[in-house]
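What follows is a short report on a single structure.
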Amino acid sequence: RSKDMGGDAYQFYTAEMNAKALQHLILDNALHHALERGELQLYYQPQLDLVTGQVCGMEALLRWQHPELGMISPAEFIPLAEKTGLIVPIGEWVLRTACAQNQAWQLPGRPALPIAVNLSGRQFAQHNLAQTITRILAQTGLAPDLLELEITESTLIQDIQTSISMLHELNALGIAISIDDFGTGYSSLSYLKRFPINAIKIDQSFVRDIHTDPNDAAIVSAIIAMARSLGMKTIAEGVETNEQLVFLQSRQCDLMQGYYFSRPVPAEVITQMLNEDWCLSFVVNS
Ligand code: C2E
Ligand code: MG
Ligand code: MG
Ligand code: MG
């Protein structure tokens, strides 16, 4: 019987599927406990001003240090947390931790810098999101203009009308909003001017070959020009080389983030950067 049905292949397939489902189940269960056990941690990546070379903000990036599996990438567990809904409590923890950390960084004599926090689609769809953020700001004492939210282009275009009213609600709190991974979501440009958005983050897939691929160079130049005409700032993601940096400066991109200056690092390293007033020295050629 099993021969006729290609039994071995079938069995193999099922076993593989079970293994995958089991792995999911184990991960999901582990993720449930990760919060309580303190296995989640935030790293921070500095954002630099492309005119002055100074650190002008940071992005909080989630890390999961699993006791047996080691460091698990957010690209791996956030989609799972989205599916199960766990992203909502996890996202609240991220917001609270990032706001508390940024409040701790506020010291006399240090510039007040905003912290950017990534929001998942599921969080953005929560009707009480603005109340949650208001409560977290009150609990941590952080001023609203020192918090920025990053929402991906693909999340924003799920439901344009709902997105626009949620963005207005968030704007009313005094926090800034950036579109993350811009250029990957195929949104119509006509939507863009309807979103009350402060900044556009140019996806690293366009930045990577900026210096060798004329198409990418053209796209990035166009995004920067368009953002400027709409009164939005631009942030280039994934800047790894001096060539990329020089190109972005020449197009008057406002900010950059990337390994060229710093990978995402634990809070203590940022504290040191702030204390020692780290900056990138470059020749300003425009
Ligand atoms: P993202 O928000 O677009 O973050 C940028 C990603 O690019 C980060 O990956 C960062 O470490 C990485 N990166 C920064 N500079 C460079 C560079 O020069 N070269 C390269 N190759 N990569 C660079 P990470 O930390 O693995 O995060 C991946 C994604 O996971 C994030 O993309 C974001 O969508 C999501 N994520 C991270 N933390 C959170 C969170 O707290 N909540 C939610 N909802 N999503 C998060
Ligand atoms: Mg981001
Ligand atoms: Mg991004
Ligand atoms: Mg991304």
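Counting convention: from 1, in listed order, for ligands and their atoms alike.
- Close approach of ligand 1 to Gly258 is summarised as follows: ligand atoms under 4.0 Å from at least one heavy atom of the residue are 15 (N), 18 (O).
- The pair Glu92-Arg135 counts as a salt bridge, with a side-chain nitrogen and a carboxylate oxygen less than 4.0 angstrom apart.
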Side chain to side chain contact (heavy atoms under 4.5 Å, CB included) between Asp49 and Asp254: does it pass, once the steps are laid out? CA-CA 6 Å; Asp49 185 312; Asp254 295 298; over 6 Å; no
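- Counting heavy atoms closer than 4.0 Å to ligand 1, residue Val94 contributes side-chain atoms (C-beta onward) but none from N, CA, C or O.
- Within Glu59, the N/O/S atom positioned nearest the Mg ion (ligand 2) carries the name OE2.
- Atoms of ligand 1 found under 4.0 Å from any heavy atom of Glu59, numbered from 1 in the order shown, are 2 (O), 4 (O).
- Every N/O-N/O distance between Ser73 and ligand 1 stays at or above 3.5 Å.
- Sorting the N, O or S atoms of Glu150 by how far they are from the Mg ion (ligand 2) puts OE1 first.
- Rounding to the nearest 0.5 angstrom, the gap separating the CZ atom in Phe182 from the CD atom in Glu150 is 14.5 Å.
- Annotation for Leu156 and Ser163: closest pair O-OG, 2.8 Å, computed over non-hydrogen atoms.
- At a cut-off of 2.8 Å, Thr152 does not coordinate the Mg ion (ligand 2) through any N, O or S atom.
- Remark: distances from the non-hydrogen atoms of Glu237 to ligand 1 include one below 4.0 Å.
- The closest approach between Lys201 and ligand 1 stays at or above 4.0 Å for every heavy atom of the residue.
- Remark: ligand 1 and Tyr260 share no N or O pair separated by less than 3.5 Å (distance only, no angle test).
- Side-chain atoms of Glu82 and Ser120 include a donor-acceptor pair closer than 3.5 Å.
- In terms of heavy atoms, Gln123 sits closest to Val88 at CG-CA, 4.4 Å.
- Counting atoms of ligand 1 from 1 in the listed order, those under 4.0 Å from a heavy atom of Ser120 are 44 (N).
- Residues Phe261 and Leu113 share a single hydrophobic cluster, defined by chaining ILVMFWY side chains whose heavy atoms lie under 4.5 Å apart.
- The Mg ion (ligand 2) has no N, O or S atom of Asp181 inside 2.8 Å of it.
- In terms of hydrophobic clustering, with Ile, Leu, Val, Met, Phe, Trp and Tyr side chains grouped at heavy-atom distances under 4.5 Å, Ile177 and Leu255 are assigned to different clusters.
- Residue contacts with ligand 1 for Asp180 involve side-chain atoms from C-beta outward but no N, CA, C or O (heavy atoms, distance under 4.0 Å).
- Considering backbone and side-chain N/O of Ile87, none are found under 3.5 Å from N/O of ligand 1.
- Counting atoms of ligand 1 from 1 in the listed order, those under 4.0 Å from a heavy atom of Gln45 are 14 (C), 15 (N).
- For the Mg ion (ligand 3), the set of nearby N, O or S atoms under 2.8 Å includes one belonging to Glu237.
- Here the closest non-hydrogen pair linking Leu31 and Ala81 is CD2-CB, 3.8 Å.
- Look at Lys201 and Glu59 and you find a salt bridge, because one of the NZ, NE, NH1 or NH2 atoms lies within 4.0 Å of a carboxylate O, short of that distance.
- Ligand 1 lies less than 4.0 angstrom from a heavy atom belonging to Arg63.
- Under 4.0 Å from ligand 1, the heavy atoms of Gln204 that appear belong solely to its side chain.
- Only side-chain heavy atoms of Pro264 come within less than 4.0 Å of ligand 1; its backbone N, CA, C and O stay farther off.
- Among the atoms of Asp180, an N, O or S atom falls under 2.8 Å of the Mg ion (ligand 3).
- Residue Asp181 has at least one heavy-atom neighbour below 4.0 Å for each of these atoms of ligand 1: 3 (O).
- Heavy atoms of Ile78 found under 4.0 angstrom from ligand 1 belong exclusively to the side chain.
- At a heavy-atom distance under 4.0 Å, no atom of Ile90 approaches ligand 1.
- The two residues Gly238 and Val207 have their closest heavy-atom pair at O-CG1, 4.0 Å.
- To the nearest 0.5 Å, the span separating CG on Leu95 from CG on Leu119 amounts to 6.0 Å.
- Residues Gln47 and Gln257 have side chains that bring a donor and an acceptor to within less than 3.5 angstrom of each other.
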